[in-house]
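Accompanying notes for the structure given below.
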Amino acid sequence: MVILSWPVAFYLIHLEEEARVRRYKMAHNDRERTKRCNIITKLRALQVAIGLPFFFILLCLYVVPLGIHSPCIQEEGKLGPKPDFFGHRGAPMLGPENTMMAFEKAVEQGAYGLESDVHLSYDLVPFLMHDSDLRRTTNIREVMPNASFTHSSLFTWSFLSTLNAGKWFVQSRFKPFYKMKRLSKADREKAENQTIPRLTDLLELAQKEQKFVIFDLNGPTRKHPLRNTYVRHVVSVILASKIEQHLIFWLSSFDRQYVRNAAPGFQQVGRLFSIERLTKENISIINVDYKRLFYSGLRDYKAANITINLYIVNEPWLYSLAWCSRIHSVTTDNIQILRQINHPYFFMTPGYYMFMWLFMDSVSAVLIVTIFYFHWWRERKKEMFDNASIYTDPKSISLQKREQGSQGSSNVSTKAPFRVMESPWTLAALYPTLTKNTKKHPGTRHFLVVPKKKASEPEQAKKTIKPLMPQKDAVRQLASTEKSFEPTWDATRKATFQTALPSPKMNKPTISSLEILESETEPENTSSSEPSQESSLMFSTTSSIFSSGLLSKKN
């Protein structure tokens, strides 16, 4: 939840700041008009949809230890003895399962008993095999491929004893167990030479080492000669081995009454029967799956003083749970690891459990609050930075504009451009640097930026363009009009006016040339056109000078 609180806090704080900003930006009338369904309401609903489940789950996790009952939370003096081990098919992580090598390894690891599976051959020899066929644990596919799916009870012992039962364990592409360690060279050679053992071989080892034996007795197929009497035959084989009867844990429930009469010293083991049935059949030991037992009322069986053996327990934490639950023994594949556990995992006293619960809740709460505060602080800092960038001091803005204006004016050439005398009806004289689009709608703002000219351009303009000199009956120069404005000019306005009107090339004939031709051909009309041309020229010059003056004031 601490890791999950990071994105939750980010979105909740972000939505809160977004709603607050929108609320202050929205006018009062807009709030009343959109009171039922607006963006702020949606943001609030989204906050509730994200935040409410998160805090509800967090609260449940904080109080859930109150409802947890663990057998490992108890006083130190009430811990029961360490459960014993039954080697499941021997020690299958140290040798091939259901072979004498695996059972010997289990004895070396201190097993309390040995667990196996028994089948009957067609010639009435009990042998050890878990599967109903021989494909997985023998080389039947190499010896007799067509009979690989045949039930193992239909083979004679003379054939079964020739099969190899260990190469699959060594030469397999995949490990039989994920956590299995690599075998030594001697163990590999020994495992490759293993064969299928008989039940009497296991009984001899158990009698020699004084180990208990528990096994599942599998009935033969219908075509087997001992289909209905296989239990009696197996009991006779056990009694003939001269093993102590109390070392046998009899698990099969078929024909149990005969077993009680023939071998009264066998310890009768039941399944997950009811306590009434166990009492009626005089059974005091049960062999059950650990998952079924913990869901079926462990306390009732313990109260009835019934010995419990769990299978298959391979994980250390599960073995620790069985230890804390006062289980007597477990059947395991991982005997070499479980035997090294000297104290159950997660065992703690009630006082220590309460301290750890409150401590972890407090630490997680502090971390979650810190994460929420960090996101809130970052959003506030971001908002303050945005407000500072929007509400800037007007004096600093004007100062920046002046600095930018001074930098722009330094890049503009201060040399006076060459003037071209044209008629006031052409735009080339007043807007020499503008494009065609801006010539249609001229304004004072178009004179703010003047392209920088090369040093060779004024000289080229001198050679190619000659200023028009005043002639008789021609257009007058601008000197007369400029004199009227000289008293009001200052140095800045002169520089601006000069830089704002560069001299373009005269590529096209203007109206002035036509007027000169008309003045030569029609001298009688010259006197009448002079006042109009002069007045137009004075008006255009005055407007350009006035616009440049306003521009200099703005700068």
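Just so it is clear, the values below take in all heavy atoms, side chains as well, and ignore hydrogens, waters and symmetry mates. Remember, predicted model here, so these are calculated numbers, not experimental data.
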Tell me the closest heavy-atom pair linking [X] and [Y], and the distance in Å.
X      : Y      : result
Tyr62  : Ile368 : OH-CD1, 3.9 Å
Leu183 : Leu94  : CD2-O, 3.7 Å
Ala191 : Val170 : CB-CG2, 3.7 Å
Gln245 : Ala263 : OE1-C, 3.7 Å
Arg326 : Leu79  : NH2-C, 4.2 Å
Gly87  : Ala111 : N-CB, 4.4 Å

Report yes or no: does [X] contribute a side-chain atom to a donor-acceptor pair with the main-chain N or O of [Y] at less than 3.5 Å?
X      : Y      : value
Trp357 : Val63  : no
Lys190 : Gly95  : no
Arg135 : Ile140 : no
Tyr290 : Leu318 : no
His233 : Leu124 : yes
Ser70  : Cys72  : yes
Asn334 : Asn314 : yes
Thr332 : Val313 : yes
Trp323 : Gly80  : yes
Lys302 : Ile308 : no

Gap separating the [atom1] atom of [X] from the [atom2] atom of [Y], nearest 0.5 angstrom:
X      : Y      : atom1 : atom2 : value
Asp117 : Asn218 : CG    : CG    : 6.0 Å
Leu114 : Leu203 : CG    : CG    : 10.0 Å
Leu120 : Met129 : CG    : CE    : 13.5 Å
Asn287 : Ser329 : CG    : OG    : 8.0 Å
Lys105 : Thr99  : NZ    : OG1   : 10.5 Å
Leu310 : His328 : CG    : NE2   : 10.5 Å

Practice prompt. Apply the test side-chain contact (heavy atoms from CB on, under 4.5 Å) to residues Asn98 and Phe103: give CA-CA distance (whole Å), side-chain angles for both, the deciding distance (0.1 Å), then the verdict.
Written response: CA-CA 7 Å; Asn98 280 326; Phe103 292 117; 3.8 Å; yes

Just wondering, more than 12 heavy atoms not from [X] lying within 6.0 Å of its [atom1]?
X      : atom1 : value
Phe177 : CZ    : yes
Phe254 : CZ    : yes
Asn261 : CG    : yes
Lys181 : NZ    : no

Practice prompt. Evaluate the side-chain contact (heavy atoms from CB on, under 4.5 Å) criterion for residues Thr195 and Met100: first the C-alpha distance (whole Å), next the side-chain angles of each, then the deciding distance (0.1 Å), finally the verdict.
Written response: CA-CA 8 Å; Thr195 58; Met100 295 309 298; over 6 Å; no

[Y] and [X], any side-chain heavy atoms less than 4.5 Å apart:
X      : Y      : answer
Leu321 : Phe346 : no
Tyr353 : Pro65  : yes
His246 : Phe212 : yes
Thr331 : Arg89  : no
Val143 : Asn164 : no
Leu199 : Leu128 : yes
Asp216 : Glu115 : yes
Ser320 : His343 : no

Practice prompt. Kindly state each residue pair satisfying side chain to side chain donor-acceptor pair (under 3.5 Å) with at least one member in residues 136-146, sequence neighbours excluded.
Written response: Glu97-Arg136, Asp131-Arg136

Worksheet item: Which of these passes side chain to side chain contact (heavy atoms under 4.5 Å, CB included) with Gln267: Leu247, Ile214, Ile285, Ile283?
Response: Ile285

Worksheet item: Can you name the one residue among Phe215, Phe249, Tyr311 that meets ring-ring contact (aromatic ring centres under 6.0 Å, His included) with Phe86?
Response: Phe249

Practice prompt. Go through the steps to decide whether Met101 and Asp187 satisfy the test side-chain contact (heavy atoms from CB on, under 4.5 Å), and finish with yes or no.
Written response: CA-CA 9 Å; Met101 177 182 177; Asp187 289 342; 3.9 Å; yes

Worksheet item: Would you call the rings of Phe374 and Trp377 parallel, tilted or perpendicular if under 30° counts as parallel and over 60° as perpendicular?
Response: tilted

Practice prompt. Just say parallel, tilted or perpendicular for the rings of Phe55 and Phe372, cut-offs at 30° and 60°.
Written response: tilted

Practice prompt. Would you please test Met144 and Phe159 for side-chain contact (heavy atoms from CB on, under 4.5 Å) and show each step?
Written response: CA-CA 11 Å; Met144 193 179 294; Phe159 173 76; 3.7 Å; yes

Worksheet item: Within 45° of the ring axis of Phe85 and under 6.0 Å from its six-membered ring centre, is that where the NZ or CZ of Arg339 lies?
Response: no

Worksheet entry | Trace of the salt bridge (Lys or Arg N to Asp or Glu O under 4.0 Å) decision for Arg198 with Asp201 | CA-CA 5 Å; Arg198 297 174 298 179; Asp201 298 332; 3.5 Å; yes

